[in-house]
Structure formats: C-alpha cells, structure tokens
Amino acid sequence: MFAKDLVAASSKPMVLSILAEGEAYGYQIIQKVRELSGGDIEWSEGTVYPVLHRLEREGLIASEWKEAETGRERKYYFLTSAGRKTLKGERQQWLKVHNTLCKLWKLEPVSI
Amino acid sequence: MAESPQYIVQIMETRTRFDLGGAIEGWRKQLAAQPGLTPDNRRELETHLQDSIATLRKSGLTEEESFWVACRRAGQPQELAEEFVKADPSAVWRDRLFWLAIGICAMRAWSGLPVYLLERLYFGIARLFAVNFHLPDWVLFYVPFRGEPITEFMHRNFVFSILFRWAPLIYLVAVLASGRMSRAMSAVRFFFETRTRLVVTASVSLAIYYSWAVFAAFRTLGHVTPAPGVFPDLGLALQLAAGNAIISALLVGLVAWLLPVERRTRTGQLALD
C-alpha cells in the first residue's frame, strides 16, 4: 500500500498525464490508475474529484458535460494549454527525483 | 379471486424487490444535505455511482448488491463532502453567496415588471368586482379592495403583500428547487453557462427594462398635473433609474464572479486560453 502523501503528491501529474492522452471522466480516470498500477493505487471519489476541481480552478484542465453513447451525461475533463505546459515541468521534476533515487539505489536512470 | 400460495409469493416478491431508482434517490437526498457539495458536484458524483453500479452489475452482482458496494466505495456522504471542502474551503461560502445574490436578483427582477402587471390584474379584477356586483357598503368595508386602489392597500398591508406579491415567486422557487422544472431550466441554461453569456443576457434585459422605466416616467410626467409646490422632477426619476441600474449591474457582476468555474463550456475555456 502506498503512503498517503505520495498518492496525494503524484495525483496531479497522473491526472494531467491521463488527460494528455485524451478527455476522460472521473470514473474512467480511477479505472485507468487502477489498471496502470496493477491495482496498487486505489483512488476513491473523495480523492479524484477534489483534485480535478482544484486543477480546474488553477486553469490546468477544463470540463464539459457531454452525453455518452449510453445516453447518460458525464462530466468530461480535458487538458488546457496551460495544463500541457505544467505537465512538461511536472514530468521533468518527477524524472529528476526518479533518477536521483535510481542513482542512490544503483539502478539505471532514464533520459530526461 | 382465490389467493393461491403462488399468488401470495408473487406479491411478497414484488413488495421486497429492490428499487434501484428509489435507493439512488435516497442517496441523492443524503448528498444534498451536505453543505460542501454544489449541485454540479452532486450530479457528477451521481454519474460516478451509476457507472460504478453498471460495472458491478456486469461482474455478476445483483442490483441491490451493486448499489451497496458502490455506496461503500464512495464513502459516507459526510466524509465525501469533507474531502471536497478540504480541497476548496471557500466553496461553501461562495456557493451560499451565489444563491443569495441570485435570490436578490430574482426579488429585484420580480418586483419590477411582473409585480406591476400582477397589480394591474388584481386592480382590474377588484374594480370589476366592486362595480358590477353593486355590493352594499357594509360588505365592501370588509373586502380589502373597496373603492381605494388595491396597490396602495397592498403596499400598506403586510399579509396581503406577502400573499399576492410574493406568493407566486415563492411558489416558483419551490417548484424549481424540487426539480420539477428541470427541462424548462435546461432550455434557458444556455444563457447562464458562461460568464460572458450571463453578463450579455443580463445587460440586454436590464437595458430593455430601464429604457421602459424611463419611457414610462416620461409618459407619466407628461400627463400628471403637479400638486402645488411639487414639481415633476425628471432629474430625480433619472437619478433613481441610474441608481437602480448601478445596483443591478453590481449584482450581475457579483453573480458572474461567483459563477462556478465548472459551468464554463469547452468553447468558453478555449477562448480564454
């Protein structure tokens, strides 16, 4: 199980990265994170929506209610140009942290 | 009809059958009681719950099991609301202020043209009533609309004023709050989705309203013979209209500023980028 702080800190780059691949709604984001982490990271509604709303207030993402094929309406989030820029910076920072730890643990660092 | 055991079992099954719609409705009510959640938040959480139920149903659970598992995953409404408030503590107050400002706007708008038209209607009915029925004086004495203009009476009498001036507005608000006019509301939603649209709609409506008010003032001043020592003061009328227009503009600005960001549409957002 991951530490709460780590899950909270990584939520921003994760949400931005998922939305960089295309628009998505809250439930879809939770499923995607579960799938990518092999079930290790379990987000709840109380985790994902406050993060999404905070990022929206910061102007990094925006949202729109749209009707899905099932006829049910869902709130889709998508990345703004400011969000795309922030994601670049976040990616560099996280990779730098990753590489520092890799060097400490004698593992192969990745190219930034 | 004889009640066979099979028939009784059927009745019992029908009575105990799980009502998913009713269960979701109950959950929605619990969420609505939480102060930290806006209507938009609640709508979003409900679509999440429905998605969650649909996935669980596909995995072989019954409707009832799916509902309870989905609820458990979502967490207690109170805890859920606390998470939302933690992320944006000012949201609760912003939301309250938003509805307060909307309420004041509605009161101001209502006390303008609609109340004027209602008063004219009541006055017309009262006159018809008094003139055509030739009521004796002692009856007229107890009827609120005798010979005197009903508007004056309405302004003076608190109960009458509440009943006739504000009851239709209160009724409308109650109907809106109970969600019975959601289709009509979504038809006009277009005008309130973005700040720009709200400001344009409000400005155009206010411009029409105040132009009408100034026109009416001109007409009245042209016909009224001033009492000795009283002058028809157009300047004062214009000042009042300007003052009202400024207050209305400030209110519209406040509502636009408080309009939650998630009500912006994609086109609105992209235009801002």
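So that the names make sense, note that chain A is the first sequence line, chain B the second, and so on, each numbered from 1.
The number of heavy-atom neighbours closer than 6.0 Å to CD of A:E67, taken from other residues, nucleotides and ligands shown, is above 12. Other residues, nucleotides and ligands contribute only 12 or fewer heavy atoms inside 6.0 Å of the CZ atom of A:R91. Around CD of A:E58, the count of heavy atoms belonging to other residues, nucleotides or ligands within 6.0 Å exceeds 12. The environment of B:W68 atom CH2 is sparse: at most 12 non-hydrogen atoms of other residues, nucleotides or ligands sit within 6.0 angstrom.
Note that the NE2 atom of B:H48 and the OH atom of A:Y25 stand 10.0 Å from one another [nearest 0.5 Å]. Here the straight-line distance linking atom OG1 of B:T47 with atom CD of A:E73 works out to 9.5 Å at 0.5 Å rounding. Considering CG of B:D51 and CZ of A:R74, their distance stands at 4.0 Å, rounded to 0.5 Å.
For B:E79, no part sits under 4.5 Å from any heavy atom of chain A, backbone or side chain.
Closest approach of A:G46 and B:E83 over heavy atoms only: O-CB, 3.5 Å. Here the shortest heavy-atom pairing between B:R73 and A:S44 reads O-CB, 4.3 Å. A:E45 and B:A74 get closest at one heavy-atom pair: OE2-CB, 3.1 Å.
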### Task
Determine, step by step, whether A:Y27 and B:T55 satisfy the side-chain contact (heavy atoms from CB on, under 4.5 Å) criterion, reporting the C-alpha distance in whole Å, the side-chain angles of both residues, the deciding distance to 0.1 Å, and the verdict.
CA-CA 11 Å; A:Y27 186 75; B:T55 311; 2.7 Å; yes

### Task
Starting from the C-alpha separation in whole Å, work towards a yes-or-no answer on side-chain contact (heavy atoms from CB on, under 4.5 Å) for A:R72 and B:E46.
CA-CA 11 Å; A:R72 208 187 301 143; B:E46 193 183 320; over 6 Å; no

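Side-chain contact between B:L80 and A:Y49: absent, with no pair of heavy atoms (C-beta onward) separated by less than 4.5 Å.
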